Every structure is written in structure tokens, then in C-alpha cells.
Amino acid sequence: MTGSAQLLKALEYASHRHRTQKRKGTRNIPFINHPIQVASLLANEGGETDPVLLTAAVLHDVIEDTVNSAEERTELMNEISGIFGDEILALTMEVTDDKTLEKKVRKQLQVEHANNKSLRAKKLKIADKITNLRDIIIDPPGWWSNDRILEYISWAEQVFEGLKGVNPVLEDIFRKTVAEARFKYMSQSAEN
Ligand code: ZN
């Protein structure tokens with residue numbers, strides 16, 4: 001497959017896998033918007049052209065968010081490897097949390113493991129975090145308190161510490177997005 005054929009295949013595949021899911025905000029946004037934004041951010045703002053990176057960006061939440069059992073996970077991994085190859089599968093796995101672990105543990109592991117990731121995985125994770133922060137600025141999950149949002153921002157920064165050094169443009173965007181998010185929710189905290 002050429003790069004663009006593979007990317008289109010990934011879009012088709014991910015949109016099917018995520019077809020019933022919505023983002024966590026209150027605006028009923030289809031989940032697939034998120035991986036598309038991550039891939040587009042890497043390419044159009046980060047200047048990344050690597051087809052493996054961009055395809056894995058489209059697929060990055062498929063394993064984490066669309067399987068419910070270890071069997072399903074293995075099945076899906078085999079399928080992704082069959083369609084997209086082992087390199088794209090490996091990169092997707094590198095940015096996939098182990099959902100059998102508690103959320104608190106997963107978040108801690110993201111901080112601890114960030115620095116050991118491959119170059120591509122670091123770029124993908126920075127773009128993922130920027131996209132999540134942008135969503136939080138525009139449309140945070142309705143049940144999140146201000147403190148919870150501020151906690152999320154600090155956690156994203158901790159993960160970022162281990163990721164930086166791979167794409168200065170994206171890193172600059174990350175820092176600006178963090179500042180914008182913190183400004184918005186700090187000032188809301190002050191009002192309360
Ligand atoms: Zn994501």
C-alpha cells in the first residue's frame with residue numbers, strides 16, 4: 001500500500017472500530033475526531049511526514065478503547081498486524097495503556113515510561129496530549145471539577161517531561177496549550 005492508501009485504510013478501520021463512541025465532553029463529538037486530529041496535528045502543525053507515524057496516529061486508541069477482553073485484544077492485534085504490518089502495530093502498542101491496570105497505576109506508568117519510548121511514540125504521545133488539552137479547553141468532561149482539570153494538566157506536563165526532545169514545534173505547541181488551559185481553569189478556580 002502507498003502511504004495515502006494506507007492512511008485511508010486506517011481512517012476507514014478506526015472509524016469503524018470507534019463508530020459508536022463519543023468523546024468525553026458534553027458536545028456529543030464522535031470519538032473518531034480525536035485520532036484524526038492527532039494525525040493532522042502531527043502532519044500539519046508538526047511537519048511530520050512519516051507514513052508509519054501518521055497511520056499509527058489514526059489507529060492509536062483502537063486497541064486501548066475498543067476491546068473488552070484479552071482475547072479480543074489478541075484478535076485485534078493480529079488483525080492490525082495483518083492489515084498494516086508489524087511496525088505500525090508495535091507503535092500502536094507502545095502508546096496503548098494496559099486497561100487491566102487501575103487508572104491511577106496507568107497514569108503513573110505513563111510518567112515513568114515516557115522516556116523509554118521510541119522517537120515515533122514520543123511524537124505521537126505529545127500530539128495526543130496536545131489534542132486532549134485542546135479538548136479540555138473547549139469542552140471538558142461534564143463531570144470533571146476544576147481541580148480535576150488542573151490535576152490532569154499537571155499530569156500531562158509530567159508525562160511530557162519524558163517525551164520532549166523530538167519535535168520542537170510540537171513541544172512549543174504543547175507548552176502554549178498547557179499555559180492556555182491552566183490560565184483558563186486557574187482563573188475559574190479563583191472566581192469560585
Ligand atoms: Zn488518544
Side-chain angles (χ1 to χ4, degrees), residues 7 10-46 48 50 52-68 72-73 76-77 80 84 88-101 103-114 117-141 144 148-149 151-164 166-167 170-171 173-174 177-178 181:
L7 196 60
L11 286 164
E12 183 185 22
Y13 188 83
S15 63
H16 179 71
R17 293 294 310 183
H18 292 299
R19 66 193 178 282
T20 60
Q21 299 173 327
K22 304 282 185 197
R23 291 290 285 162
K24 281 181 190 157
T26 58
R27 298 186 184 177
N28 230 16
I29 294 169
F31 188 91
I32 190 65
N33 288 27
H34 165 69
I36 293 173
Q37 284 163 346
V38 172
S40 179
L41 168 62
L42 282 164
N44 295 306
E45 294 177 73
E48 297 289 343
D50 171 9
V52 171
L53 173 61
L54 300 180
T55 304
V58 171
L59 299 170
H60 82 272
D61 277 327
V62 160
I63 295 172
E64 187 169 308
D65 289 333
T66 77
V67 296
N68 298 305
E72 265 180 51
R73 186 182 164 102
L76 194 62
M77 285 170 66
I80 290 173
F84 301 100
I88 286 171
L89 172 66
L91 179 52
T92 307
M93 292 311 294
E94 250 196 289
V95 299
T96 296
D97 278 357
D98 181 353
K99 281 246 176 133
T100 62
L101 301 172
K103 187 157 188 171
K104 219 177 133 188
V105 177
R106 280 188 269 140
K107 293 192 94 171
Q108 185 54 33
L109 287 177
Q110 282 206 34
V111 175
E112 288 170 18
H113 292 171
K117 300 281 176 198
S118 69
L119 206 67
R120 281 172 172 150
K122 286 181 176 176
K123 291 173 180 175
L124 210 169
K125 284 187 72 75
I126 293 171
D128 190 27
K129 293 280 179 282
I130 294 169
T131 306
N132 286 333
L133 286 165
R134 284 177 171 173
D135 280 356
I136 279 171
I137 293 169
I138 302 163
D139 182 26
W144 281 24
R148 168 113 190 242
I149 293 173
E151 248 175 66
Y152 179 90
I153 297 167
S154 298
W155 168 74
E157 269 186 312
Q158 285 179 52
V159 180
F160 177 74
E161 278 306 302
L163 302 171
K164 64 190 184 189
V166 292
N167 181 317
L170 287 176
E171 287 156 33
I173 295 171
F174 178 87
T177 312
V178 161

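Only a predicted model underlies this, so the values are computations on that prediction, with no experimental measurement involved. Along the sequence shown, the residues carry numbers beginning at 1. Atoms within a ligand are numbered from 1 in the order they appear, just like the ligands themselves.
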Practice task
Would you mind checking if Asp65 and Lys99 are paired as a salt bridge, meaning a charged N to carboxylate O distance below 4.0 Å?
Solution key: yes

Fill in the blank from the handout: Partner of Gln110 under side-chain hydrogen bond (donor to acceptor under 3.5 Å, both in side chains), picked from Gln158, Lys125, Lys117, is Lys125

Exercise for the section: Using 2.8 Å as the cut-off, note every protein N, O or S atom close to the Zn ion (ligand 1). Expected result: His34 NE2, His60 NE2, Asp61 OD2, Asp128 OD1

Exercise for the section: For Ala127, check side-chain contact (heavy atoms from CB on, under 4.5 Å) against everything at least two apart and list the hits. Expected result: Val38, Leu41, Leu42

Handout entry: Interatomic spacing from CG in Leu124 to CG in Leu59 - rounded to 0.5 Å
Key = 10.0 Å

Exercise for the section: May I ask you to decide if the ring planes of Phe174 and Phe160 are parallel, tilted or perpendicular, using 30° and 60° as cut-offs? Expected result: parallel

Problem - Qualifying residue for salt bridge (charged side-chain N to carboxylate O under 4.0 Å, His left out) with Lys123, from Glu94, Glu48, Glu45, Glu171 - result: Glu48

